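Okay, so here's the structure we're looking at.
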Amino acid sequence: VQLQASGGGLVQAGGSLRLSCAASGHTFRSGPVAWFRQAPGKEREFVAAFQVWNSNPYYADAVKGRFTISRDSAKNTVYLEMNSLKPDDTAVYYCAANNGRIITSSLRRAGAYGYWGQGTQVTVSS
């Protein structure tokens, strides 16, 4: 299984980026998918997740209203649309997926996911 994250880059505060996560050897219909991020010197933190069984998205409070997670089943790709970016959003962003159900209360735990992408750098300048 491989998850390939892309779409990161350098953007000014207030700008937008769209991250993509393409899967091979795995279908995003088999379990939840999520985005996490890790800033220098900080722990990896939850950003957003898409729960397969109820098609509901879940967001960290820090990104709610600015970020949108979505899935294109035909392309087996998950996206993270990021708007109104802030310098605090600067981090390496990772997509994660799992082959099997994760209860909703555990979606925010990195350890719940079995598959991880390599990460894509997002830098927001002030």
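All values reported here derive from a predicted model rather than from experimental measurement. For reference, positions follow the sequence shown, starting with 1.
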On a heavy-atom basis, which atom in [X] and which in [Y] lie closest, and how many Å separate them?
{"X": "Pro87", "Y": "Ala13", "answer": "CD-CB, 4.1 Å"}
{"X": "Ser125", "Y": "Leu10", "answer": "CB-CD1, 4.4 Å"}
{"X": "Phe67", "Y": "Val47", "answer": "CD2-CG1, 3.7 Å"}
{"X": "Ser16", "Y": "Asn83", "answer": "OG-OD1, 2.8 Å"}
{"X": "Leu17", "Y": "Leu85", "answer": "N-CD1, 3.9 Å"}

**Prompt:** Honestly curious: do Trp35 and Val11 fall in one hydrophobic cluster under the side-chain, below-4.5 Å linking rule?
**Reply:**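 As far as the 4.5 Å side-chain criterion goes, Val11 and Trp35 are connected within one cluster.
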**Message:** Count I, L, V, M, F, W, Y as connected when their side-chain heavy atoms are under 4.5 Å apart, and connections chain through other members. Are Val78 and Tyr58 then in the same cluster?
**Reply:**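 Shared cluster, no.
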**Item:** Side-chain donor-acceptor pair present, Gln121, Thr123, cut-off under 3.5 Å
**Value:**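 Present: a donor and an acceptor within the cut-off.
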Return yes if some donor-acceptor pair links the side-chain N/O of [X] with the main-chain N/O of [Y] below 3.5 Å, else return no.
{"X": "Arg66", "Y": "Ser84", "result": "yes"}
{"X": "Gln118", "Y": "Gln4", "result": "no"}
{"X": "Asn98", "Y": "Gly114", "result": "yes"}

Interatomic spacing from [atom1] in [X] to [atom2] in [Y] - rounded to 0.5 Å:
{"X": "Lys86", "Y": "Ser126", "atom1": "NZ", "atom2": "OG", "value": "14.0 Å"}
{"X": "Phe50", "Y": "Leu80", "atom1": "CZ", "atom2": "CG", "value": "13.0 Å"}
{"X": "Leu19", "Y": "Thr77", "atom1": "CG", "atom2": "OG1", "value": "12.5 Å"}
{"X": "Arg108", "Y": "Ile102", "atom1": "CZ", "atom2": "CD1", "value": "12.5 Å"}
{"X": "Asn56", "Y": "Ile69", "atom1": "CG", "atom2": "CD1", "value": "12.0 Å"}

**Item:** Pair listing, disulfide (SG to SG under 2.5 Å) test, anchored in residues 97-126, at least two apart
**Value:**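 Sorted pair list comes back empty.
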**Request:** Keeping to residues at least two apart or across chains, list the disulfide (SG to SG under 2.5 Å) pairs with something in residues 83-126.
**Result:**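 For residues 83-126: Cys21-Cys95.
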**Request:** Mind running side chain to side chain contact (heavy atoms under 4.5 Å, CB included) on Asn99 and Val1 for me, showing each step along the way?
**Result:** CA-CA 10 Å; Asn99 184 24; Val1 175; over 6 Å; no
**Asked** Can you name the residues that form a side chain to side chain donor-acceptor pair (under 3.5 Å) with Asn76, not counting sequence neighbours?
**Response**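 Applying side chain to side chain donor-acceptor pair (under 3.5 Å) to Asn76 gives none.
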**Message:** Under the rule for side chain to side chain donor-acceptor pair (under 3.5 Å), what residues qualify as partners of Lys64, not counting sequence neighbours?
**Reply:**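 If we apply the side chain to side chain donor-acceptor pair (under 3.5 Å) test to Lys64, skipping adjacent residues, the hits are Asp61.
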**Message:** The test is side chain to side chain contact (heavy atoms under 4.5 Å, CB included); show your working for Leu107 and Gln51 and say whether it passes.
**Reply:** CA-CA 8 Å; Leu107 286 175; Gln51 183 64 286; 3.8 Å; yes
**Prompt:** Do any pairs count as a ring pair (Phe, Tyr, Trp, His ring centres under 6.0 Å) and have a residue in residues 93-126, sequence neighbours left out, and if so which ones?
**Reply:**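 Found His26-Tyr115, Phe36-Tyr113, Phe36-Trp116.
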**Request:** Compare all side-chain heavy atoms of Met82 with those of Asp89 and state whether any distance is below 4.5 angstrom.
**Result:**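 Side chain of Met82 against side chain of Asp89, heavy atoms only: no contact under 4.5 Å found.
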**Request:** Please step through side chain to side chain contact (heavy atoms under 4.5 Å, CB included) for the pair Arg37 and Val63, ending with a clear verdict.
**Result:** CA-CA 12 Å; Arg37 67 187 182 186; Val63 307; 4.0 Å; yes
**Asked** Quick one: salt bridge (Lys or Arg N to Asp or Glu O under 4.0 Å) partners of Glu81, sequence neighbours excluded?
**Response**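 Glu81: no salt bridge (Lys or Arg N to Asp or Glu O under 4.0 Å) contacts found.
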